[in-house]
Amino acid sequence: MKRSLMLTRLKRSVRLGLRSLWLHRLRSFLTMLGIVFGVCSVIAMLAIGEGASYAAQEEIKSLGSQNILLRSVKPPEEEKVQGRRENYILSYGLTHEDVRRIEKTIPSVELVLPARVMREYVWNISTRVDAEVVGTFPNYPRTRNHQVARGRFFTNTEMDAAENVCVLGAEMARRLFPLHEPVGRDVRVGQHYYRVVGVMEARTKAAGAGAEHSGDASSGGSSPAADRMFIPLETARRRYGEVLANRRQGSFEAQRIELHEITVKVAKPEDVVPVSDVVRDLLSKNHKKKDYDVVVPLELLKKAERTKRIFSLVLGSIAAISLLVGGIGIMNIMLANVTERTREIGIRRALGAKRQDITTQFLVEAVILSGVGGLLGVALGVTIPFVVSRVAEMKTIITWGSPVAAFTISALVGVIFGLYPALRAAKMDPVEALRHE
Amino acid sequence: MPVPIVQLDQVHRSYRMGDEMVYALRGVSFEIAAGEYVAIMGPSGCGKSTLLNLLGCLDRPSSGTYRLAGDDVSSMDDDALSTIRGTRLGFIFQSYNLIQQLTVLENIEVPLFYQGREEGESREIAQRLAARVGLGHRLGHKPMELSGGQQQRVAIARALANDPRLILADEATGNLDSTSGREILALFDELVAQGRTLIMVTHDPAVGERAHRIIRLRDGLLETDQRR
Ligand SMILES: Nc1ncnc2c1ncn2[C@@H]1O[C@H](COP(=O)(O)OP(=O)(O)O)[C@@H](O)[C@H]1O
Ligand SMILES: [Mg+2]
């Protein structure tokens, strides 16, 4: 009974509040805008931030969070011997010996996957695609978390026999064989033909960019857009030998690189960081020059998460400030409102309103302002990321928590900033209030 | 002998104006029995409104006691006074003091709302009272759309909403033309005939004549108290 009475009272206060806000609709609307923009910018910015960091994290995850990636890097060119500039063979990078050492000395390593990366044109009759030919082991898909979509990966037997088989990247498969199923057909690289045994899964845009990023660092000169074609490492060794020739502006430059990439897969995620330290140690002992690069996706992931936390914090502060400004707007209007309606307050007090009744009345108005503002803000804030992802083709993610939190906070802002004017209204002396013009 | 509805004993009320004290009431004592029709008169600034505010529990005496139907009001807290104003007192002001954004019906309902009456019930009461003051056909109008006399009648209906025993009117006819004023005074007569106590402040002798008793103030003191 008592509860229902309170409910009816609240209902009437809300109706009353709506009425008096409607009476000054433009003013109420303008006041609300502060909250609308505050809430909407919080949701929109969080959604865009979340989307960007999701993309970054996916990119890193595609490298394998249990992996440590080693890449050959061309050392600074300080050692070019004078006079032999023309025919100099630069020898650097990761070696098979490195692979053996890692396998032997670090027990918590599950797999070590070497790869060579050659920039080549891959042909199907007269169609040509600029690609990275990657010589690697049959367990590449499992190690790199990149699955075969159709057909299969090459096998150990094909590896040992150095057979001319290949697995195409999704994008190059589509470009080379727009009309046919590539599996079972041949592609040509240089003078050699390779039988296509499988096609890899397409990676998401972001994830694909990650894979290409790794290729970019390993071979130094390749464009990041290149697609990858996989062949057995043994086959690559036979076809290409150890020396890769580059022609650069007429002068001949050759590089001797045994391996471009080594992927070290660690059995347990918690071992990734300690193992990466051991690997760094091992490499620095055995390489005279810093001709390699160690990338730990997990560390990148953690860094990305840290960045995201900072980003969220900054965003949170901006949001807090904008809501604060909105709240101050509400307080300002409510104070004006209270002053304007001093007479009404006096009348209501004379007719039996308790202080608390007056407080409630003005508080309800403030909360309606901020609440409706919050709702509009949520509506707008949910729409903007949607539009942004359509127009700018950016990924945006709205977590359900951000609209809920933003709305709750905006309603709280109404309570907090409405309280002072409401209390001021309630504290007025009835006689003074009645005399007010 | 029944308890008087109003008992004032040596009531003082002073205001601080900067460094100076203004003594609006300087020891006023009188009693009013239930059912009396009293006019409070006196020159401007003599303390009539101050006295009426005290009687209406909108204000508290600086010293002295005020008993309303035997209850010492001077020692009550704000909430208790609010309840008394809402249930036992009805106010009628010179400038009507209707709430502009509310309709006639809603204005009459305001005191009922604060006493937590059911919506349907309070609607019914308000309609009945509006009809009684002759505004049954103006329920949905806003105060601005009514004449002064009509507005004052709405105010009377509102003052009666919670069926109070004591009605306080401050220059209720002061803003009205003589015809409207007469209508209001006729309503007052009716209220008194019902057995309600009515205390009105006026400086118009013709209005004062209607009351059964005239209390005259001068400089915050009771000058004369005549029954007729
Ligand atoms: N709130 C107040 N502050 C200061 N002085 C006041 C206040 N209210 C009334 N007074 C003074 O008290 C005296 C009585 O005022 P009031 O009761 O309004 O007189 P009346 O209604 O008889 O004209 C006047 O001198 C007035 O100036
Ligand atoms: Mg006066």
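Residue numbers start from 1 in every chain, and the chains themselves are labelled A, B, ... in the order their sequence lines are given, proteins ahead of strands.
- Only the side chain of A/R19 comes within contact range of chain B, with at least one heavy atom under 4.5 Å from a heavy atom of that chain.
- Between B/Y114 and the options A/K354, A/R349, A/R348, a side chain to side chain donor-acceptor pair (under 3.5 Å) holds for only A/R348.
- The stretch residues 86-94 of chain B places B/G86, B/F91, B/F93 near chain A, each with some heavy atom under 4.5 Å from a heavy atom of that chain.
- Contact between B/S95 and A/R343 at its shortest, heavy atoms only, is OG-NH2, 2.7 Å.
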Below 3.5 Å, can you tabulate the donor-acceptor pairs from side chains in residues 25-37 of chain A to any protein atom, sequence neighbours excluded?
residue	atom	partner	partner atom	Å
A/R25	NH1	A/W22	O	2.7
A/R27	NH1	A/E340	OE2	2.9
A/S28	OG	A/L21	O	2.9
A/S28	OG	A/H24	O	2.8
A/T31	OG1	A/R27	O	2.7

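- More than 12 heavy atoms of other shown residues, nucleotides or ligands fall within 6.0 angstrom of atom CD in A/E305.
- Within the model, atoms CG of B/L58 and CD of A/E432 stand 11.5 Å from one another, a figure rounded to the nearest 0.5 Å.
- Nearest approach of B/R85 to A/P430, heavy atoms of both residues: NH2-CG, 4.5 Å.
- Rounded to the nearest 0.5 angstrom, A/L351 CG and B/I108 CD1 are separated by 11.5 Å.
- B/Q101 and A/S20 get closest at one heavy-atom pair: NE2-CB, 4.3 Å.
- The residue among B/D79, B/D78, B/I99 with the most heavy atom pairs within less than 4.5 Å of chain A is B/D78.
- Within 6.0 Å of CZ in A/F386 there are 12 or fewer heavy atoms belonging to other residues, nucleotides or ligands.
- Other residues, nucleotides and ligands contribute more than 12 heavy atoms inside 6.0 Å of the CD atom of B/E145.
- For the pair A/A353 and B/S82, the tightest heavy-atom approach, listed with the atom from each and the gap, is O-OG, 3.5 Å.
- Neither the backbone nor the side chain of B/Q100 comes within less than 4.5 Å of any heavy atom of chain A.
- Within 6.0 Å of the OH atom in A/Y54, the count of heavy atoms belonging to other residues, nucleotides or ligands does not exceed 12.
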Subject >> CA sep, side-chain torsions, deciding dist, call: A/L16, B/L102, side-chain contact (heavy atoms from CB on, under 4.5 Å) >> reply: CA-CA 9 Å; A/L16 204 69; B/L102 301 184; 4.0 Å; yes
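- Within the model, atoms CG of A/D429 and CG of B/N53 stand 9.0 Å from one another, a figure rounded to the nearest 0.5 Å.
- Within 6.0 Å of atom CZ in A/R15, more than 12 heavy atoms from other residues, nucleotides or ligands are found, so the atom counts as buried in its surroundings.
- Other residues, nucleotides and ligands contribute over 12 non-hydrogen atoms within 6.0 Å of the CD atom of B/E121.
- Among A/R12, A/R9, A/R341, the residue making the largest number of heavy-atom pairs under 4.5 Å with chain B is A/R12.
- Heavy atoms of B/N97 lying under 4.5 Å from chain A belong to its backbone as well as its side chain.
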